[in-house]
Amino acid sequence: MVRYHSCMSDEKVQTVQTQPYNDQKPGTSGLRKKTRVFQQPQYIENFVQSIFDSIREAGGFSNETLAIGGDGRFFNREAIQIIVRIAAANGFGRILVGRGGLLSTPAMSALIRRRNAMGGILLTASHNPGGPDEDFGIKYNVRNGGPAPEAVTSRIYEATRKIGRFLTIESADIDLDRESGTVLGKSEVQTVDPLLDYTEVIRELFDFGAIRALFQSGFRLLFDAMHGVTGIYARHIFEEMLGAPPGTVIRGTPLEDFGGLHPDPNQLHAAELVRIMSAPGAPDLGAACDGDGDRNMILGRNFFVTPGDSLAVIAEHAGECIPGYRAGLAGVARSMPTSTAVDRVARKLGIACHETPTGWKFFGNLMDAGMCTVCGEESFGTGSNHVREKDGLWAVLAWLGILAARRSSVPQLVREHWQRFGRSYFQRHDYENLDLKAANQMIDELRGSIGGLAGTSLASATVARADDFQYHDPVDGSISARQGFRVILGDGSRIVGRLSGTGTEGATLRLYFERYRAGGDEPIDDMLRPLIDAARDLFQLQTRFNRSAPSVIT
Ligand code: VG1
Ligand code: CO
C-alpha cells in the first residue's frame, strides 16, 4: 500500500533564469559526459527542462506519467532529486521513481509500457565507468518505451541552445529507499519496486518451469552483474524465482563506482568470469551484463559467443524453444556493423531482415509496426519486442530457454549453427582517445573518396560496393545519413568504420571486420588479417594518429 503524506505548505513553483550550455547534443544513446560536467550549476536542470519543453503536448503534463531511475552510479541519487523537482514543477500528474533510485534500462522500458507513461528519464552512462572523475549520462525514452528517436533528440538539442529559464519547486528530498508516495506541487510522486513490471513482462515469455528443471538437473550458470544495476534483477530472477543456487550471481551489489572497473561485458572487462569459464570444472553457461543492464556477453565452457552469433542462434531457435515466440518471428533486425549471421537465419525462416544504423532507437519503429520480433547489435546488445530496449537478462534467459529445450551445450549449439549456416568470423577493433580534429578530418576525406573504391581490389578481392551508410526508415520515411563507411567485398566480407557517438574523451574509431566461410573451424586471426591490414591503409591509422594497434578488440 502506498501512503501519501501531505505537501509542505511552502512548496511553490519557481522560475529560475539560466543560460544555455552549448554541448548538450545527445549522441548514440543520450547525453553522456564526465560526471563533473553534469555537476556544473544548472547543467542537469537545463537539459531536463529542455526535454520537457520539447515534448510538451497541447494538454500539458497533468494527465501524464513520467518514470525516473538509473544504474546506481555516482551522482545518481542527487540527479534524481533534481529531476523530480523539475518534473513536479512542470506539472506531471504522476512521477514514478525506482526504489533506491534504481531501474535497469530494459526495466525502464517495461515500466513505461505497463504504466502507460509518457516517457522516462534514465541516469546512466551504460558500460562507461562511474565516479567523480568518470562518466555520467541522461537518456530520454518515449511512450513506446524506447530511446527517443532522432527527431526528438534534435528538438531537445535545439531547446538546450536557447533555454532561458527552468522550473523547479522548493521542497525536501523525496524518500528514495521505501516504497512510498508523496505529493509535490500538483504531482503524485511514487517510489516503486524496480523489479515488479520487468519481472511480469519476462515471466510471460519464458517457460520458467523448464528452466527451473534445468537448474535442478545440475546445470550451472555463473552471472556477473559487474556491480551494475542488473545484480538486483539477476538475484531475484535466477536465484529466487528459478532456483539457481546462491552464488550464481557474482558482483551482484550495485556500487557507485562499479568496484572501480568498467561495467562493460566483454572478455577484457569481465576477465574473472572468462577465467572461471575456461578453467577445469567451469559452469555450463557464463554471462555478464553492463552497468544499466541492456548489454550481455554469453560464454560457454571455454567458448566465447560473438554477439552476432548469439543473435543468430536465438533467432534460429526462439520459435521452437521459447513460448513467447511460438507464433514465429515477424522479422529480425540488426545494426549495420553487426555480422550478417542473422541474415542467413532470416532467409531460411523466410522472414525479413532489416539493417539499421547503430543505436537501439532505430529498432523501435520496426517493432511498433510489427515488422521485427528479435534484433541485436554487435556491441553485446540483443533483445526483442517485449520491450523497446536491448535487454541483457532477456538474452541470458533466451539461452537458458534454448539450452533447456535442446539439452545441448553452448559450444555444441553454436557449432551446429555454423554447420548449417556457415560462419561469420567477426571482430571489432576500437581506437580510443584519438585527436578529435584529426578524426573528423579523416571522416570528411573518406566521405569524398569512399565511392571510388567500388571495382578496385582490396584484401585480394574486388570491392563490390563501398558507401557511407544511409538508412531509410520504412515506417516513418525518415532518412538518417552518414551512419558509417562500409566496404563490401565480392565474397561478402566487410570492413565497416565509424566514429563512436557515446565517448566522453577525444574520438573513438570503431572498425568492424567480417568474413564469411562455410566452415567454422579456421583460426579467426588468419581469417581476418587481410581485412585488418587493408583497413589500416584505408584509414591511414599510422600517419594520421600514429597508432599501430587498437585499444580494445571485442
Ligand atoms: C555504442 C554501441 C552501440 C550501442 C550504444 C549504446 O555506440 O556501438 O551499438 O547502441 O553504444 O549502448 P557508439 O556510438 O559508441 O558506437 V549502451 O549499452 O552504451 O546504452
Ligand atoms: Co548499456
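We count residues from 1, following the sequence as given. When a ligand or atom number is given, it counts from 1 through the structure's own listing order.
- Using a cut-off of 4.0 Å between Lys/Arg side-chain N and Asp/Glu carboxylate O, R203 and E200 are scored as salt-bridged.
- Looking only at distances, a side-chain donor or acceptor of Q483 sits under 3.5 Å from a matching main-chain atom of A481.
- In this structure F38 satisfies the ring pair (Phe, Tyr, Trp, His ring centres under 6.0 Å) test together with Y43, F136, sequence neighbours excluded.
- Using a 4.0 Å cut-off between charged side-chain N and carboxylate O, R251 and D224 make a salt bridge.
- Within the structure, ring-ring contact (aromatic ring centres under 6.0 Å, His included) pairs that include any residue of residues 356-381 comprise W360-F363, F362-Y471 (at least two apart or interchain).
- A salt bridge does not link R113 with D197: every distance from a Lys NZ or Arg NE/NH1/NH2 to an Asp or Glu carboxylate oxygen is 4.0 Å or more.
- With 3.5 Å as the limit, one finds no donor-acceptor pair spanning the side chains of T554 and D430.
- A donor and an acceptor atom, one from each side chain of S500 and R510, are located under 3.5 Å apart.
- A heavy-atom cutoff of 4.0 Å around ligand 1 is satisfied by the protein residues T28, S29, R32, S126, H127, K139, D290, D294, R295, T358, G359, E377, E378, S379, K390, R428, R498, S500, G501, T502, R510.
- Listed by chain and residue number, the protein N/O/S atoms under 2.8 Å of the Co ion (ligand 2) are S126 OG, D290 OD2, D292 OD1, D294 OD1, with waters left out.
- Between D135 and R73, no side-chain nitrogen of the basic residue sits less than 4.0 Å from a carboxylate oxygen of the acidic one, so the salt-bridge criterion is not met.
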